[in-house]
Structures are given as structure tokens and as C-alpha cells.
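In what follows, a structure is listed as C-alpha cells, so that the remarks can point back to it.
Remember, it's a predicted structure, so these values are computed and weren't measured experimentally. Reminder, nothing fancy here: chain letters follow the sequence lines and each chain counts from 1.
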4 protein chains.
Amino acid sequence: ATTAEINKHLPDDEVEELIDASLAARKNSYSPYSKFPVGAALLTNTGEVITGCNVENASYGLTVCAERTAVCRAVAEGHRKFRAIAITAEMGEKFVGPCGMCRQTLAEFGLDYEVYLSRPDKTYMKTTVGKLLPDSFNPEWVHFESQ
Amino acid sequence: ATTAEINKHLPDDEVEELIDASLAARKNSYSPYSKFPVGAALLTNTGEVITGCNVENASYGLTVCAERTAVCRAVAEGHRKFRAIAITAEMGEKFVGPCGMCRQTLAEFGLDYEVYLSRPDKTYMKTTVGKLLPDSFNPEWVHFESQ
Amino acid sequence: ATTAEINKHLPDDEVEELIDASLAARKNSYSPYSKFPVGAALLTNTGEVITGCNVENASYGLTVCAERTAVCRAVAEGHRKFRAIAITAEMGEKFVGPCGMCRQTLAEFGLDYEVYLSRPDKTYMKTTVGKLLPDSFNPEWVHFESQ
Amino acid sequence: ATTAEINKHLPDDEVEELIDASLAARKNSYSPYSKFPVGAALLTNTGEVITGCNVENASYGLTVCAERTAVCRAVAEGHRKFRAIAITAEMGEKFVGPCGMCRQTLAEFGLDYEVYLSRPDKTYMKTTVGKLLPDSFNPEWVHFESQ
Ligand SMILES: [Zn+2]
Ligand SMILES: [Zn+2]
Ligand SMILES: [Zn+2]
Ligand SMILES: [Zn+2]
């Protein structure tokens with residue numbers, strides 16, 4: 001198996017650790033308008049875990065989701081390559097993917113990494129950035145265009 | 001065939017009309033930063049065609065894509081139900097879907113309507129909102145949550 | 001008096017007409033999340049009145065305010081020069097300015113035009129885009145930078 | 001002098017430290033589209049310095065400015081009260097304020113804290129969140145409305 005393939009299958013204990021981190025991050029959520037706290041935890045390709053929570057605003061359009069907070073924080077800390085992200089919210093019975101804004105933000109840094117959609121009870125559904133954003137508009141395409 | 005099914009298959013002349021409208025709308029694009037003009041044309045369930053173009057800003061985060069301009073304009077004109085949207089940009093050889101922001105905005109008003117990704121030469125690829133945003137986070141789910 | 005100066009003082013009946021248009025636009029507001037409908041009406045330099053309402057989304061960050069809807073719709077209809085905007089919301093006793101996103105969007109197309117903050121009873125406070133965004137980050141500055 | 005007043009006047013060495021932190025943060029900027037790196041450093045009321053940089057996206061509307069990255073990261077780390085923010089960009093001769101999106105995001109957490117607009121040579125202009133967003137739309141007002 002290549003390293004790439006290995007990277008695509010996180011061991012169970014790392015998945016659980018990532019979900020735990022997203023659950024902890026959720027506690028810092030600033031969501032007085034939606035009252036819907038969300039936490040996220042990114043795993044970088046060098047093994048760091050970087051978390052985020054949603055940060056809302058009286059002007060709703062300025063709301064930053066947990067996933068985007070995690071990505072921006074990771075970039076600010078010098079990371080741009082990711083292996084996985086776990087996202088935790090209270091989602092009822094169904095597993096629901098991130099919003100389109102977050103899918104596009106995740107796709108800016110790659111389409112292959114894993115996305116774990118989790119509930120507070122730590123059950124989860126696994127998918128990938130690419131599956132969540134088929135026929136995606138991404139940096140590769142922009143560069144192609146400008147040639 | 002049910003009305004719903006009929007609605008899902010626009011006749012060729014209506015598709016062409018919609019693409020023409022998106023091409024015309026593209027001429028009003030305000031895109032001094034990306035230099036990448038895009039046009040869009042929404043077909044409402046009552047047969048109106050509502051167009052939009054991208055509107056950029058010196059603060060890039062305020063950029064509104066053509067698709068979102070069309071949706072907001074349609075809502076401002078009293079429409080909330082759509083049969084199809086055509087989106088035209090200069091895309092090279094590949095057909096590329098709308099950005100994640102636009103997928104989510106389209107999904108707010110339904111998952112079943114058609115999306116025509118078109119080039120200036122009027123060739124196109126057909127898809128649907130739902131296919132572009134699998135496992136979507138949409139209003140139905142929010143309402144489910146708040147029960 | 002120069003044309004510029006004349007443009008800066010809308011006659012009372014035009015102000016009232018603009019406020020009426022923003023009130024009518026407010027009725028189309030799609031605001032199921034905030035339950036806070038807002039209407040806006042832009043007056044172009046050629047005398048057209050272009051309206052907008054807020055258009056919200058289950059993913060709050062995709063919310064487009066009434067002012068931005070009006071600006072994007074105006075651009076899509078071929079307008080980029082404005083004399084005034086009226087914004088109407090139910091604001092209690094105080095007059096409250098547009099959110100920062102909207103101030104920046106308005107500033108993209110000029111700092112000198114008038115802003116009328118109005119209530120449903122048509123009382124209003126008058127200001128300008130430039131007063132609402134002091135020391136602004138605007139297109140002129142970006143162009144200066146890139147020289 | 002009250003604590004509030006003391007907080008409003010950062011000692012020169014703390015200002016310089018904050019500007020240094022924003023300069024360092026600027027090095028992590030992900031700005032391949034604008035090629036305009038920006039750094040920011042927030043000082044919390046408990047003395048921590050939290051930095052951010054701009055994080056852009058192929059879909060321009062997803063761009064997060066340095067200031068908003070810093071705020072979201074601070075909230076994710078458990079902070080919601082701030083004494084000051086330093087923002088550093090290459091701005092030519094003029095000092096230019098943050099964009100409207102960032103002014104509104106800063107205002108969500110208070111109007112009184114200081115804003116230092118700085119250049120790479122560490123010269124700066126001092127202002128406050130409230131001065132940058134007059135007649136602001138902020139949480140206090142939303143709460144007033146909903147009573
Ligand atoms: Zn999101
Ligand atoms: Zn888009
Ligand atoms: Zn606004
Ligand atoms: Zn900004």
C-alpha cells in the first residue's frame with residue numbers, strides 16, 4: 001500500500017481522538033443566534049489536531065462555521081495539508097454534511113481527505129471532501145483557466 | 001408522467017433560451033478583481049427568467065456569484081420556486097460546477113431542479129442541485145432539528 | 001451649485017418615494033431564521049429605483065442583506081452609479097446603520113451617495129456611505145496599491 | 001483612572017509587541033488570488049495574543065480576512081473579550097481601515113477596544129472599533145429588538 005492509501009484510512013483510535021477533539025471544541029461555540037453549537041477538528045498531514053467552533057454574528061452573513069474556523073486557524077498556524085476532519089453537531093438520527101461554504105473551503109486544500117460527520121454519542125458517518133463536492137470548482141481549475 | 005417529472009425535463013428550446021439569457025447577463029458582470037465574468041439565468045416555476053451576474057468587491061469575501069445574484073433578485077421579485085438554472089462562464093474544456101456557496105444557496109429553495117453548466121459556445125452539461133450537494137444541509141433538516 | 005452638490009440633496013418627495021419602494025420590497029423578504037424582514041431601494045444616477053430584500057439561508061453565513069440584494073440586482077440590470085439608498089426595518093426607537101458587509105458593498109460603488117435609514121412609519125435618519133465607513137478600504141485604494 | 005480607561009491606553013511596548021505578532025502572522029497568509037498578505041494580532045483582556053492571517057479561496061466570496069481569522073481562532077480558544085487588535089499590511093503611504101466585514105466581526109465583541117493599523121515598518125495609526133463602525137448594528141441592538 002502506498003503512503004497515500006494508508007493516509008486514507010485512519011485507525012479507529014485516531015478517528016475517536018479526532019471526534020473527541022471536535023466535541024471539546026464545540027464547547028467554545030459562540031452561537032447565540034442559531035443556538036446550534038458545532039465543533040470541528042482537523043488532522044494535519046504532520047499529525048497535529050487543530051480545532052474550531054462556529055462563530056456567529058448579529059449580521060448573520062458573517063457567521064463562520066466550525067469547519068472554516070478550523071481551516072483558518074490551521075493556516076494561521078502554518079498548516080495547509082490535511083488528512084481528515086471530524087465535525088460534531090447534534091444532528092438527530094440523520095448524518096448531515098457540512099454546508100456548501102465549508103465544502104468549498106475544505107476543497108481549497110485538497111479533495112481526498114476524509115470527513116467524519118459525528119454526533120455527540122460519537123457515532124459517525126465517513127465520507128471525503130471530493131464526494132461532498134462533485135464536479136468541484138477548485139484551485140487546480142482556476143490555475144488551468146489562467147494559463 | 002407526473003407534472004414533477006415533466007418539469008424535470010426542459011425542452012431543448014427552453015434550455016437554449018435559458019443559456020442565452022445567462023450569456024446576456026454575463027455582459028453586466030462586475031469582476032475587476034478576478035477578471036472572470038459569469039452569468040446565470042433562473043427559470044421560475046411560473047415561467048419567468050431571472051438573470052444574474054457576479055458582483056465582486058475590493059474585499060474579496062463580499063463577492064456575490066452570478067447564481068446567488070440571480071437567486072436574490074428572484075426572491076426580491078417574489079419568486080421562491082425554480083425549475084432550472086443555467087450558468088455560463090468561460091471554462092476551458094471541462095464543465096465545472098458552481099462553488100459551494102452557490103450550491104447551498106440553490107439548495108435553500110429545493111434540491112430537484114436542473115442545473116445547466118454552459119460555455120459561451122452554448123454546449124452544456126446537465127445536473128441537478130441535489131447531485132451537486134449530496135448529504136445536504138438544508139432547510140428541511142433545520143426544521144427537523146428544531147422540533 | 002454643481003451637479004454633484006445637487007445630487008447630494010434629494011427632494012423630499014423623492015426620498016418618500018424611495019422609502020415607499022423599500023417598504024414594498026420588504027414584503028418579499030425571505031427571513032425564516034432571523035424573522036427580521038428588511039427592504040432596500042437604490043436610486044441610480046439615471047433615476048431608476050432598484051429594490052432588494054434580505055435572503056437568508058439555513059447556513060447563516062450565506063445570508064444576503066437587503067442592501068446587497070439591491071446592489072447586485074442593480075449591477076445585473078446594468079447600473080453602477082447611485083444617488084441614494086433607503087433601507088427600512090423595524091428598528092425600535094433608534095436608527096441603526098447597515099451592517100459592515102453592506103457598508104463595504106455600498107462603498108465599492110462610491111462614498112458620496114446618501115443613505116436613508118427608515119422605519120415602517122417612514123421617519124428616517126440621513127447619512128452617507130462615506131460617513132458609515134470612515135478610513136475605508138475601497139477600490140481606489142486597491143488600485144493605488146497595485147501601481 | 002478606572003480600569004476601563006487604563007485598558008484603553010496600551011503602553012508603547014505592548015503596542016509594539018502586538019504589531020510584531022501581526023507581522024509574524026502575516027507570513028502564514030494564504031493569498032494566492034489577491035497576492036496581498038495581511039496579518040492580525042488580537043490582545044485578549046487576560047493578556048494573551050492571538051494571531052491570524054488572511055485565508056483566500058478560488059471562490060472569492062469565501063475569503064476570510066486576517067482580522068476574522070484572529071477573532072474566530074480566539075473564540076475557538078475560549079476568548080471573547082479583547083483589549084486591542086493590530087493589523088499589518090503593505091498599505092502605501094495611507095493608513096487604511098479594515099474592510100466592513102471585519103469591522104462588524106470585531107464589533108460583535110465590543111466597540112471600545114483599540115485598533116492599530118500598521119505597516120511593515122511598524123508605523124501605525126490608532127483608532128477604535130466604534131469609530132470604524134459608527135451607528136453600528138451590534139448584538140446589544142439585536143437583543144433590544146427581540147424584547
Ligand atoms: Zn459551514
Ligand atoms: Zn458561487
Ligand atoms: Zn447587511
Ligand atoms: Zn476584512
Side-chain angles (χ1 to χ4, degrees), chain A residues 31 33-38 54 57 59 61-68 71-72 87 89-108 111 115-117 119 124-147, chain B residues 31 33-38 54 57 59 61-68 71-72 87 89-108 111 115-117 119 124-147:
Chain A
S31 42
Y33 307 105
S34 72
K35 311 211 187 301
F36 188 71
V38 184
N54 50 336
N57 193 284
S59 175
L62 285 163
T63 297
V64 180
C65 301
E67 301 92 315
R68 286 180 286 143
V71 169
C72 291
I87 308 163
E90 183 78 56
M91 299 186 293
E93 305 238 336
K94 220 171 141 187
F95 289 106
V96 176
C99 85
M101 301 184 87
C102 291
R103 293 178 195 209
Q104 187 73 48
T105 298
L106 294 170
E108 184 74 19
L111 292 172
V115 178
Y116 294 90
L117 306 172
R119 298 185 190 129
Y124 65 84
M125 185 184 95
K126 178 183 160 181
T127 182
T128 69
V129 176
K131 282 183 196 160
L132 289 169
L133 202 70
D135 299 303
S136 73
F137 176 103
N138 61 29
E140 187 188 342
W141 173 68
V142 175
H143 298 153
F144 168 72
E145 277 310 299
S146 60
Q147 277 163 8
Chain B
S31 42
Y33 307 105
S34 71
K35 312 210 188 300
F36 188 70
V38 184
N54 49 337
N57 194 284
S59 175
L62 284 163
T63 297
V64 180
C65 302
E67 301 92 313
R68 285 179 287 142
V71 169
C72 291
I87 308 163
E90 184 77 58
M91 298 185 295
E93 306 238 335
K94 218 173 142 188
F95 290 106
V96 177
C99 85
M101 300 183 88
C102 291
R103 294 177 195 210
Q104 187 73 48
T105 297
L106 294 171
E108 184 75 18
L111 293 171
V115 178
Y116 294 90
L117 306 171
R119 298 185 190 128
Y124 65 85
M125 185 184 95
K126 179 182 159 182
T127 183
T128 69
V129 176
K131 282 182 195 160
L132 289 168
L133 201 70
D135 299 306
S136 72
F137 176 102
N138 61 27
E140 187 188 342
W141 173 68
V142 175
H143 298 155
F144 168 73
E145 277 311 300
S146 59
Q147 279 161 6

In terms of heavy-atom proximity below 4.5 Å to chain A, should B/K131 be classed as side chain, backbone, both, or neither? backbone
From B/D135 CG over to A/R103 CZ, what is the distance, rounded to the nearest 0.5 angstrom?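 Answer rounded to 0.5 Å: 6.5 Å.
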Considering only heavy atoms from C-beta outward, does the side chain of A/Q104 approach that of B/C102 to under 4.5 Å?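 With C-beta onward as the side chain, the pair stays apart.
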Mind listing the closest non-hydrogen atom pair of A/L132 and B/P134 along with its distance? O-CD, 3.8 Å
